[in-house]
Amino acid sequence: MYTPDPDRYADMPYRRTGRSGLKLPALSLGLWHNFGPDRPAETQRAILRRAFDLGVTHFDLANNYGPPPGAAESALGDALKADFTHHRDELIVSTKAGYLMWPGPYGEWGSRKYLLSSLDQSLGRLGLDYVDIFYSHRPDPETPLEETMGALHSAVQQGKALYVGVSNFSAEQTREAARILAELGTPLLIHQPRYSMLDRRPEDEGLLDTLDELRVGSIAYSPLEQGLLTGRYLDGIPEDSRAASDSPFLSADTVTEELVGRLRTLNEIAASRGQSLAQLALAWVLRGGRVTSALIGASSPRQLEDSVAAIGNLEFGEDELARIDAVVKQ
């Protein structure tokens, strides 16, 4: 029987999410990859247990995570039942709906029918009565935003979600979503954008400024830029890497000699801080407290431990930030 580490809350920083009463760990565990039937269930459970032991109290999912879609929620549901039955109130479990889940016109996007049906299915796979955060995973260009946000509000009113969020929304869409939700009486808790040293669109397009103004939290996904910032590509493309596969998220064409040179320079900056490249990348996203939490993935407990070690040095000098900018923006 799993017994959590009694000192699990000693080191992890917890940050208030916007103006809410909810705090999230600086690092949250995302189950986008590595939680499908192609991975040993015991390894998945070991990752989740180690995460909790290290103070990672937030497990982030979506209905389509796996593969196949739904598999990650089922895997977490099994782990919750086996290891975390007595610790549910110490955990934040989030899920999303927006991408394709079943055939026909009601299986994706942002209609009320799809979102609430998907949430019911997610709760069934998770074995839970409610999730802590329910997201609209992407904006729907055809469904009125009032309907999508109304569905999130209904999830809270029905007791199936405690908080709501959005992901992949522009600054303008986020502002309008927050307005609609405020009128309904369900505040927008959090936005989940893609954000890393190599992908600064949330800064460049004004999203982070909008979230600051609205006092909405943020949680960055892909802070390691699909593995580019893990150090795996410092000598080119490994045969067993994502870029060497047929992954739609990272192609071999992306890993140019010029990029590898920039990654090596960033790795030198990391070494000067006593960090790995991955730890530097996570610390950079979390710098200054502007981002509430960063999502990390893990294929093993050891990889998880390496990422969590980033919390040991989250401070940057102006010269360090300038050096990083000079490398990334050249």
Side-chain angles (χ1 to χ4, degrees), residues 15-20 22 24 28 30 32 58 60-65 92 94-101 107-116 118-119 122 131-156 160-196 198-223 225-226 249 285-286 290-295:
R15 297 177 168 185
R16 187 167 302 281
T17 311
R19 59 182 175 180
S20 76
L22 184 69
L24 292 179
S28 299
W32 184 15
H58 178 205
D60 178 81
L61 304 108
N63 56 359
N64 63 329
Y65 289 178
I92 300 297
S94 60
T95 196
K96 315 174 194 74
Y99 287 93
L100 182 64
M101 276 300 289
E108 63 178 327
W109 293 109
S111 72
R112 179 180 180 85
K113 178 172 177 58
Y114 166 69
L115 289 172
L116 295 180
S118 178
L119 178 56
S122 292
V131 291
D132 297 277
I133 308 171
F134 182 48
Y135 289 86
S136 170
H137 205 166
R138 60 173 173 171
D140 184 339
E142 297 183 348
T143 299
L145 194 56
E146 288 82 0
E147 178 175 341
T148 301
M149 294 303 104
L152 297 186
H153 171 67
S154 291
V156 173
K160 296 177 181 179
L162 300 185
Y163 301 92
V164 299
V166 297
S167 182
N168 299 306
F169 278 48
S170 69
E172 181 179 354
Q173 290 166 333
T174 301
R175 187 180 299 278
E176 182 64 7
R179 182 193 67 78
I180 295 168
L181 286 168
E183 291 180 354
L184 293 171
T186 297
L188 177 62
L189 173 79
I190 194 167
H191 188 299
Q192 186 172 133
R194 178 168 177 162
Y195 183 44
S196 75
L198 300 180
D199 186 349
R200 303 192 179 192
R201 284 174 293 177
E203 292 179 13
D204 299 338
E205 298 174 1
L207 177 62
L208 294 185
D209 290 337
T210 297
L211 297 178
D212 287 344
E213 179 187 339
L214 297 174
R215 297 177 65 191
V216 170
S218 59
I219 179 167
Y221 76 86
S222 292
E225 200 58 28
Q226 293 297 315
F249 304 108
V285 166
L286 294 168
R290 198 176 192 190
V291 169
T292 312
S293 184
L295 281 166

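Along the sequence shown, the residues carry numbers beginning at 1.
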Minimum heavy-atom distance between [X] and [Y], given as atom pair plus value:
X: Leu152; Y: Val164; value: O-CG1, 3.5 Å
X: Ser218; Y: Leu211; value: CB-CD1, 3.7 Å
X: Ala155; Y: Leu119; value: CB-CD2, 3.6 Å
X: Leu116; Y: Ala151; value: CD2-O, 3.4 Å
X: Leu184; Y: Gly150; value: CD1-CA, 3.9 Å
X: Ile92; Y: Asp132; value: CA-OD2, 3.4 Å

Side chain [X], main chain [Y], donor-acceptor under 3.5 Å:
X: Thr17; Y: Leu22; value: yes
X: Glu147; Y: Pro144; value: no
X: His191; Y: Val216; value: no
X: Arg15; Y: Val291; value: yes
X: Lys96; Y: Leu61; value: yes

For [X], enumerate each residue passing the salt bridge (charged side-chain N to carboxylate O under 4.0 Å, His left out) test, keeping only those at least two apart in sequence or located in another chain.
X: Glu183; answer: Arg179
X: Asp140; answer: none
X: Arg138; answer: Glu108

ring-ring contact (aromatic ring centres under 6.0 Å, His included) partners of [X], counting only residues at least two apart:
X: His58; value: none
X: Tyr114; value: Trp102
X: Tyr163; value: none

**Message:** I'd like to know whether CZ of Arg290 has more than 12 heavy-atom contacts from other residues, nucleotides or ligands below 6.0 angstrom.
**Reply:** yes
**Prompt:** Above 12 or not: heavy atoms from other molecules or residues under 6.0 Å from CD of Glu203?
**Reply:** yes
Rounded to the nearest 0.5 Å, how far apart are [atom1] of [X] and [atom2] of [Y]?
X: Leu145; Y: Ser136; atom1: CG; atom2: OG; value: 8.0 Å
X: Tyr221; Y: Gln226; atom1: OH; atom2: CD; value: 9.0 Å
X: Thr186; Y: Met149; atom1: OG1; atom2: CE; value: 11.0 Å
X: Leu189; Y: Leu162; atom1: CG; atom2: CG; value: 10.0 Å
X: His137; Y: Met101; atom1: NE2; atom2: CE; value: 11.5 Å
X: Asn64; Y: Trp32; atom1: CG; atom2: CH2; value: 9.5 Å

Distance only, no hydrogens: is a donor on one side chain within 3.5 Å (strictly under) of an acceptor on the other, for [X] and [Y]?
X: Ser118; Y: Asn63; answer: yes
X: Asp60; Y: Tyr135; answer: no
X: Ser28; Y: Ser293; answer: yes

With side chains defined as the heavy atoms from C-beta onward, is the minimum distance between [X] and [Y] less than 4.5 Å?
X: Arg175; Y: Leu214; result: yes
X: Gln192; Y: Leu295; result: yes
X: Lys160; Y: Ser154; result: no
X: Leu24; Y: Ile190; result: yes

